[in-house]
There are 2 protein chains.
Amino acid sequence: MTARTPSRTLGESVRDIPEATVARLPVYLRALNTLAEAGTRTCSSEELATAAGVNSAKLRKDLSYLGSYGTRGVGYDVDYLRYQIAREIGVTQDWPVVIVGIGNLGHALANYSGFRSRGFRVVALLDADHSRHGEVVAGVDVRAFDDLEEIVSTHGVAIGVIAAPAAAAQDVADRMVACGITSILNFAPSVISVPDGVDVRKVDLSIELQILAYHEQRKAQLS
Amino acid sequence: MTARTPSRTLGESVRDIPEATVARLPVYLRALNTLAEAGTRTCSSEELATAAGVNSAKLRKDLSYLGSYGTRGVGYDVDYLRYQIAREIGVTQDWPVVIVGIGNLGHALANYSGFRSRGFRVVALLDADHSRHGEVVAGVDVRAFDDLEEIVSTHGVAIGVIAAPAAAAQDVADRMVACGITSILNFAPSVISVPDGVDVRKVDLSIELQILAYHEQRKAQLS
DNA sequence: AAGAGTTTGTGAACGGGGGCACAAAACGAG
DNA sequence: CTCGTTTTGTGCCCCCGTTCACAAACTCTT
């Protein structure tokens, strides 16, 4: 669902992990965290797979892309594997993030505790609406959209979140890219285009519901 | 990403559309709406594909699963195609929806205009917190979680949205299923298990960011 | 030390989806 | 009516991802 594959230029010494696997690693990480909190020291691929809601063969193959971190006949060491996955997807570091658009969704995102606990730190909330500047939401300063460049360079921001209306999304994205942001999470219901080398992921709430509606309708037709 | 393929029992007279195509139909629909608003009466697969951010061959193949709604040498009639897609995914009907969990996310969802405009009507916001019952958020009554069954049967709700904390998610899902809900959109960061015949889709905000972080980290490693 | 029992890691087969490229169909000009 | 132009619908091939099934590796018991 990522807009483009990262334009690998040269070198290519880095092991590359299939996109589908990358998307599941965070799920495994969460399952491992839950197991660790419950005091589990070791787990089999079967247990972890169940906790993550996937097939155990798939889990093992996924993990095998990272290396051989399990022990045959025994299973995986929860803490060790947890660390390895976290390191691989980069959540051991600190990722400064800016959110643009302080509507209901922007609010919800700023307040979302799941970000902070995974190494994402919201450094600013930007909005075009001047009347809200200076406000503090969830401990984060609301700033002018024009401050984007300064904020990005000051904090070394690489990831931007678009929670603005669809009409503004492309503009916001262009500005982000111009400031040096190279990864964008887009919640606006519109297609945005970006140059090569910039990753875009899109989350569309109403599309998810429409997909459910399609299947729901089919279920109804069968009877 | 849907948890299970709908357990087709017998009959099977209904054309079945690949899952990947179903996920893109709402995107096409939105692009068509935009074109219609701009006064466009007809469009080629190339134009529509660009607007939707996909390859034109893929677009044509996707549309061909619905039937032959285009005219060779001319293109597609915007209004006609719009209606056909809307009918196929079921957004010409009215879909009553309940949202459970009235935190920041529940608020944002209740206020989201994109639902209403696509045939989804939020009939109730449920929360375990008694102090909030009777409140009205975005024109929707906040009710007790125990009212779920009554609300579902009164309004004929088939789709439920979970915006509750992870710890409560499985419980909420079980109750939903018990009340007859057969499609669930889960925003809680946890794996929920449901019986066959119930569709679950999952949206996890922090997972999307983690996937971006992985690619961001790799970009950094190349230099 | 050897055999029975577990569990990982992976080769191989399979299925779905993406994209190219072309035939079929419609339209317009002359 | 015929020819050239445009654009759809789709057959074909390829690649990615999923799953099965098994050999390799480790533990434990006797």
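Below, chains carry the letters A, B, ... as their sequence lines are ordered, and counting in each starts from 1.
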For this session: Decide yes or no, distance alone: a donor-acceptor N/O pair under 3.5 angstrom between the base of C/dG19 and the side-chain of B/Lys61.
Result: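 Between C/dG19 and B/Lys61, which were checked side chain against base, a qualifying N/O pair under 3.5 Å is present.
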Problem set entry | Side chain B/Arg72 and base D/dT7 donor-acceptor under 3.5 Å |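 Flag unset: no donor-acceptor pair detected.
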Rounded to the Å, how far apart are [X] [atom1] and [N] [atom2]?
X	N	atom1	atom2	result
B/Asp16	C/dG17	CG	P	10 Å
A/Glu47	C/dT7	CD	C1'	11 Å
A/Leu59	C/dG9	CG	C1'	12 Å
B/Lys58	C/dG17	NZ	C1'	8 Å
A/Ile17	D/dG17	CD1	P	12 Å
A/Glu46	C/dT8	CD	C1'	12 Å
B/Leu81	D/dT8	CG	P	11 Å
A/Arg60	D/dC20	CZ	C1'	10 Å

Candidates [options] - which lies nearest the side chain of [X]:
X	options	result
B/Arg24	D/dT18, D/dT10, C/dG18	C/dG18
A/Ser68	C/dA21, C/dG9, D/dT8	C/dG9
A/Ala20	D/dG17, C/dC27, D/dT27	D/dG17

Exercise. Of A/Gly73 and B/Gly73, whose closest DNA chain D nucleotide lies nearer the 5' terminus?
Worked result: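 In this pair, the answer is B/Gly73.
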For this session: Using the closest heavy atom to pick a nucleotide of DNA chain D for each, name whichever of B/Leu63 or A/Ala57 lands nearer the 5' end.
Result: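 The 5'-side residue here is B/Leu63.
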Can you see if the side chain of [X] gets near the phosphate of [N] - specifically, an N or O under 4.0 Å from OP1 or OP2?
X	N	value
B/Tyr76	D/dG9	yes
A/Asn55	D/dG17	no
B/Ser45	D/dT8	yes

For this session: For B/Tyr65, answer base if it contacts any base atom (sugar-phosphate contacts may also be present), sugar-phosphate if it contacts only those atoms, and nothing otherwise; contact means non-hydrogen atoms under 4.0 Å.
Result: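 No contact.
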Exercise. Does B/Arg121 make a cation-pi contact with B/Phe115, if we ask for NZ or CZ under 6.0 Å from the ring centre and within 45° of the axis?
Worked result: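 No; the conditions do not both hold, so B/Arg121 does not lie above the ring face of B/Phe115.
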Just so I know, are the side chains of [X] and [Y] near enough to count as touching, which here means a heavy-atom distance under 4.5 Å?
X	Y	result
B/Val97	B/Val123	no
A/Asp77	A/Asp79	yes
A/Ile99	A/Leu109	yes

Problem set entry | Short N-O contact, A/Arg218 and B/Asp16, less than 4.0 angstrom |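 Salt bridge between A/Arg218 and B/Asp16, a charged N being under 4.0 Å from a carboxylate O: no.
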